[in-house]
Amino acid sequence: MNCLFCKIIAGDIPSTKVYEDELVYAFRDINPQAPTHILVIPKAHIESVNAVSADNSSIVAHIFEVIAKIAREEGLENGYRVVSNCGDHAGQTVHHLHFHILGGAELNTQM
Ligand code: 5GP
Ligand code: ZN
């Protein structure tokens, strides 16, 4: 499959790993928008939030457990933002579900 994030999971494209288990991979965004900018993705190819269903939502629940763990380990005790861009209006550029963790500084409060 011609998916950038599937290639990152496979190790065909290098990335800076932050966390990995059997279901989830997390790595640093190549173009950080905050001092800490991490992407958390399911190892299974899920296109976007629109493709979350009863069949795969347990993976998404697990991703949020991982997000909380990563935030603690990265020292984001002052807060952080979790973002998932879905579709064209949100500017989704990679069509493999991903959650941005943004933190390390006070973030812009605008949408
Ligand atoms: P989206 O815009 O789809 O929500 O987010 C895609 C994110 O993937 C962007 O923040 C972009 O910087 C990041 N990204 C794109 N290509 C690569 C890559 O090859 N490696 C890493 N680490 N991040 C990437
Ligand atoms: Zn993929």
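Counting starts at 1 for both ligands and their atoms, following the listed order.
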What is the name of the N/O/S atom of H96 that is nearest to the Zn ion (ligand 2)?
ND1
Closest to the Zn ion (ligand 2), among the N/O/S atoms of H45, is atom ND1
Here's a test for you: under side-chain contact (heavy atoms from CB on, under 4.5 Å), which of Y25, F99, F5 qualifies with L39?
F5
Below 3.5 Å, N or O to N or O, backbone or side chain included: is there any such pair between [X] and ligand 1?
X	answer
V94	yes
R28	yes
Q92	no
I30	yes
N85	yes

From CG (L23) to CD1 (I59), nearest 0.5 Å
5.5 Å
Between Y80 and L102, is there a side-chain heavy-atom distance shorter than 4.5 Å?
no
Close side-chain approach of V52 to N50, heavy-atom, < 4.5 Å:
no
Looking only at protein heavy atoms, which one is nearest to [atom], and what is the separation?
atom	result
atom 15 (C) of ligand 1	L4 CD2, 3.9 Å
atom 2 (O) of ligand 1	T93 OG1, 3.1 Å
atom 7 (C) of ligand 1	D29 OD2, 3.5 Å
atom 1 (P) of ligand 1	H98 NE2, 3.1 Å

R72 and E77 ion-paired at < 4.0 Å:
no
Electrostatic pair K69-E65, nearest N-O below 4.0 angstrom
no
Per-atom contacts of ligand 1 with [X], taking only distances under 4.0 Å to non-hydrogen atoms:
X	answer
F27	21 (C), 22 (N)
G91	2 (O)
N31	12 (O)

So, [X] side chain and [Y] main chain: donor-acceptor pair closer than 3.5 Å or not?
X	Y	answer
Q33	N31	yes
H98	H96	yes
S53	D55	yes
E74	G103	no
N56	A51	yes

Give a yes/no answer: is there an N/O/S atom of C3 under 2.8 Å from the Zn ion (ligand 2)?
yes
Part of F5 within contact of ligand 1 (heavy atoms, under 4.0 Å):
side chain
If we set the cut-off at 4.0 Å for heavy atoms, which region of L39 has an atom near ligand 1: side chain, backbone, both, or neither?
side chain
Within-shell test, [X] vs ligand 1, heavy atom, strictly < 4.0 Å:
X	value
H95	no
S15	no
T16	no

I would like to know whether D21 and H62 meet side chain to side chain donor-acceptor pair (under 3.5 Å); could you show each step before the answer?
CA-CA 10 Å; D21 64 27; H62 179 65; 2.7 Å; yes
